[in-house]
Amino acid sequence: MSALSGKVQTVLGLVDPDQLGRTMTHEHLVMGFECSYTPPPPGDEAVAENPFQMQHMHWLRQNPYSCRENLFLSQELSALRDELLAYRKAGGGTIVENTTTGIDRDLPALRQLAKETGVHIIAGAGYYIDSTHTEATRKMSVEKLTDSIVSEVLHGADGTDIRCGVIGEIGTCWPITESEKKVLRATANAQAQLGCPVIIHPGRDPAAPAEVVRILQESGGDINKTVMSHLDRTIFDEGELLEFANMGSYLEYDLFGTEMLNYPFNLKVDMPSDSQRVKTLAFLVKEGYEDKILVAHDIHTKNRLTKFGGHGYSHILKNIVPKMLTRGIAQHQVDKILIDNPKRWLTFK
Ligand SMILES: CC(=O)NCCS(=O)(=O)O
């Protein structure tokens, strides 16, 4: 039995799982998302240059990736500190910070934020999507990738002694690239060694989550300890959703607060509203999956911070939970989604 067994690993060290409280399982605090920059619609170039004004807030909500400045959450440490203090006040206890190699993980900043706010922060090991893999990463064997991920959990990452407490978000596209497949196999190997939680960013196709699960299974991954993120923009058909749910991973709805018409990463996708997300959660609860659901906001752009008129990290606790309670999800089921399921997932075997 390892020293991690039965514990959760935060950026400040190991904690007892009962200390976590309400947990958002997919957020970013300090990251850079330049890899997803999308040029603005024709005619909107001037707005994109100078977006942080009241009259441009709606434009930013609709076009968050078309303004470079909006993509650097890392520039907002003071606002992030205020957000975390507000999150605690709203009843939040823990945040899983999913920033991995490729999108500017900053572990010392996470440690500082955890110290200053009292929020438990759990950092992510591993690699984001293919376009952010360096040549050195692409050349690594599965064994070397496994070693690097294991080391980030056991010894610390990015030249620090700050240890990651989950593997992920591991980035994949659709179709899954060869480099991403290697990282997935390494993730499964590392999970088999460590008994740790894993979280996946699937490609934007309904077939993508199941394909990731198959690759992880082939390499000995523990699907019961794996989260499939971003289901809100990935699987829409109820039958397909139940088929995927039956594969055994946690089912994460983590784009609460994001309501946009033209989703630039896949124009075929109709991004759901928060009301539609709650309806899907109620459906999954009715179908018996209340022990598998997780929720979050996946904040990764500045406009979603309350400083810039956004919903912030407390939106689920303040606005979505009351809505869930009026839509057939009972308080004890809400508690499972916010407390018990994250705790079970995050505890090392
Ligand atoms: C940071 C990140 O990967 N966010 C996911 C955004 S997406 O639109 O759900 O792919």
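Whatever order the structure lists them in is the order used to number ligands and atoms, beginning at 1.
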Participant: Under a 4.0 angstrom heavy-atom cut-off, which atoms of ligand 1 come close to Glu169?
Facilitator: 1 (C), 2 (C), 3 (O)
Participant: Cation-pi between Lys292 and Tyr250: NZ/CZ under 6.0 Å from ring centre and within 45° of the ring axis?
Facilitator: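 Ring-cation test returns yes.
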Participant: One thing to verify: whether Lys343 and Asp18 come together as a salt bridge, which I'm taking to mean a side-chain N less than 4.0 angstrom from a carboxylate O.
Facilitator: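 A salt bridge is present here (some side-chain N lies under 4.0 Å from a carboxylate O).
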Participant: Can you confirm whether or not the ring centre of Tyr37 sits under 6.0 Å from the ring centre of Tyr65?
Facilitator: no
Participant: At what distance is the nearest protein heavy atom to atom 9 (O) of ligand 1, and which residue and atom is it?
Facilitator: Arg233 NE, 3.0 Å
Participant: Using 4.0 Å as the upper bound for N to carboxylate O, is an ion pair formed by Glu76 and Lys302?
Facilitator: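 Between Glu76 and Lys302 there is a salt bridge, with a charged N closer than 4.0 Å to a carboxylate O.
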Participant: Quick one: look at Leu255 and ligand 1, take heavy-atom pairs under 4.0 Å, and tell me if it's side chain, backbone, both or neither.
Facilitator: side chain
Participant: Taking both backbone and side-chain atoms of His28, is any N or O found less than 3.5 Å from an N or O belonging to ligand 1?
Facilitator: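 No, His28 has no N/O under 3.5 Å of an N/O on ligand 1.
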Participant: For ligand 1, is there an N or O atom under 3.5 Å from any N or O atom of Tyr128?
Facilitator: yes
Participant: Is a side-chain donor-acceptor pair under 3.5 Å present for His28 with Asn98?
Facilitator: no
Participant: Any atoms of ligand 1 less than 4.0 Å from a non-hydrogen atom of Tyr263? List them with their elements.
Facilitator: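 So the atoms of ligand 1 that pass are 7 (S), 8 (O), 9 (O), 10 (O).
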Participant: Per the side-chain contact (heavy atoms from CB on, under 4.5 Å) rule, which among His311, Glu83, Arg61 passes with Arg304?
Facilitator: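 Answer after filtering His311, Glu83, Arg61: His311.
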Participant: Nearest heavy atom to atom 5 (C) of ligand 1: which of Asn266, Asp298, Thr100 does it belong to?
Facilitator: Asp298
Participant: List every atom of ligand 1 that sits less than 4.0 Å from any heavy atom of Arg204, numbering the atoms from 1 in the order shown and giving each element.
Facilitator: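 Reading through ligand 1 atom by atom, the close ones are 7 (S), 10 (O).
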